[in-house]
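Presented below is the structure to which this report refers.
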Amino acid sequence: MVRKRLVATVAAAPLLFLAGGALAETTISNTRTDPVTTATVNAGAADDIKVATAGKFALTAAGPAITVNSNNDVVLEGSISTKAVNGAGGILVQGGFTGDVTSSGNITMDDDYTPADSDADGKDGDEDGEFAEGTGRYGIKVVGPGAMDGSLLNSGGIQITGNDSVGISLETGMTGTLRNYGSVSVIGDNAVGVRVAGSVA
C-alpha cells in the first residue's frame with residue numbers, strides 16, 4: 001500500500017502543481033487539552049492531522065487524544081501525555097476507514113504512583129509493592145468492526161504505565177503494513193508491548 005501511494009503521489013505531482021496545491025492538513029503546533037477526531041478537526045469537517053514537533057496533547061480525561069474516524073491520515077511528530085488517568089490513550093483508529101498512522105513522536109501514559117519498599121526495615125532498596133496502580137491505558141489502538149485500510153508505522157517512543165495496558169494493539173484486520181521500529185515500554189500487571197489480534201494483509 002505504501003508503494004502504491006508513493007507512485008500515485010509522483011504521478012499526480014504535476015497536476016497538483018498546476019492546481020496550486022490541493023492537498024491540505026490540519027497542523028497542531030500548540031498545546032491541546034481536549035481530544036480531536038479526523039472527522040471534525042477542520043472546523044467540523046474531516047481532514048488529515050499532523051501534530052508538529054512543537055505540538056502537544058496534555059489530557060486529563062479518559063479516552064484517546066486523537067481518533068481516526070474518517071478517510072484521513074495522522075502524523076505524530078510531537079507528544080501525547082497523561083498522568084494518572086485510567087483508560088487514557090494516544091491514538092485510536094476505528095476500522096472501516098482508509099488512512100495511515102505514522103508516529104515519530106512520543107506517547108506517554110504515566111502513573112501517579114511510587115512502588116513502596118515494604119520490608120520490615122524498609123531499607124533493602126527493593127520495591128515490594130505493585131508495579132502500577134492505574135489501568136486500561138494504551139499508546140496506539142486499532143479497533144473494529146471493520147478493517148483498517150492503511151499502514152501503522154511507529155518510529156517514536158511509547159511509554160505506558162498501567163495494569164491491563166498495551167503499547168500498540170491491533171484488534172481488527174489491516175490491509176497495509178504494521179511496523180514498529182521505535183521503542184515500546186509497558187509496565188504493569190497483564191501489560192503487553194505489541195498485540196496483534198487481527199490479520200495483516
Side-chain angles (χ1 to χ4, degrees), residues 1-10 23 25-26 28 35-39 41 46-53 55 57 59 63-82 87-109 135-188 190-201:
M1 176 179 178
V2 174
R3 181 175 299 170
K4 290 180 181 178
R5 179 161 292 188
L6 288 174
V7 171
T9 301
V10 173
L23 296 179
E25 64 186 7
T26 296
I28 296 171
V36 297
T37 72
T38 58
V41 68
D47 203 358
D48 296 340
I49 297 175
K50 178 180 179 179
V51 182
T53 303
F57 282 87
L59 305 185
I66 300 172
T67 298
V68 180
N69 56 351
S70 59
N71 296 323
N72 293 100
D73 300 333
V74 169
V75 174
L76 174 66
E77 297 175 352
S79 65
I80 298 172
S81 64
T82 63
I91 301 173
L92 176 67
V93 181
Q94 295 181 357
F97 298 102
T98 299
D100 298 330
V101 173
T102 306
S103 176
S104 60
N106 290 290
I107 300 175
T108 305
M109 303 291 127
T135 60
R137 297 163 182 160
Y138 62 90
I140 303 174
K141 183 188 292 187
V142 183
V143 299
M148 175 184 179
D149 184 7
S151 295
L152 196 167
L153 309 174
N154 175 57
S155 62
I158 298 176
Q159 298 86 34
I160 311 295
T161 303
N163 301 311
D164 301 307
S165 297
V166 62
I168 298 174
S169 183
L170 178 63
E171 301 177 7
T172 188
M174 170 185 285
T175 303
T177 300
L178 173 63
R179 181 178 299 167
N180 173 57
Y181 44 102
S183 62
V184 178
S185 172
V186 188
I187 299 174
N190 301 316
V192 178
V194 178
R195 174 193 293 134
V196 180
S199 62
V200 181

How would you list, by chain and number, every residue that makes a side-chain contact (heavy atoms from CB on, under 4.5 Å) with [X], sequence neighbours excluded?
X: V196; answer: L170, L178, V194, V200
X: T172; answer: V142
X: N72; answer: T38, A46, D48, S70
X: N71; answer: F97, T98

Quick check: closest heavy atoms across [X] and [Y], and the distance to 0.1 Å?
X: I80; Y: A65; value: CG2-CB, 3.6 Å
X: G99; Y: D73; value: CA-OD1, 3.2 Å
X: V186; Y: A191; value: CG1-CB, 3.5 Å
X: V93; Y: V101; value: CG2-CG2, 3.7 Å
X: I91; Y: Y138; value: O-CE1, 3.8 Å
X: M109; Y: A88; value: SD-CB, 3.7 Å

Side chains of [X] and [Y] in contact at under 4.5 Å (non-hydrogen atoms):
X: I66; Y: V51; result: yes
X: I107; Y: L76; result: yes
X: T177; Y: L153; result: yes

Looking at [atom1] of [X] and [atom2] of [Y], how far apart are the two atoms once the value is rounded to the nearest 0.5 Å?
X: S79; Y: N106; atom1: OG; atom2: CG; result: 7.0 Å
X: I158; Y: S183; atom1: CD1; atom2: OG; result: 8.0 Å
X: T82; Y: L59; atom1: OG1; atom2: CG; result: 7.0 Å
X: N163; Y: R137; atom1: CG; atom2: CZ; result: 8.5 Å

Polar side-chain atom of [X] near backbone of [Y] as donor-acceptor pair, under 3.5 Å:
X: N69; Y: A39; result: yes
X: T175; Y: D149; result: no
X: D100; Y: S151; result: yes

message: According to salt bridge (charged side-chain N to carboxylate O under 4.0 Å, His left out), does anything in residues 192-201 pair up with another residue at least two apart or in another chain? List the pairs.
response: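 Those involving residues 192-201 are E171-R195.
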
Sequence neighbours left out, what passes side chain to side chain donor-acceptor pair (under 3.5 Å) with [X]? Give chain and number order.
X: T102; result: none
X: Q159; result: T108
X: R179; result: none
X: T37; result: T40

- request: Apply the side chain to side chain contact (heavy atoms under 4.5 Å, CB included) test between I140 and each candidate in L92, L152, V68; give the one that qualifies.
  value: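 It is L152; the other options fail the test.
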
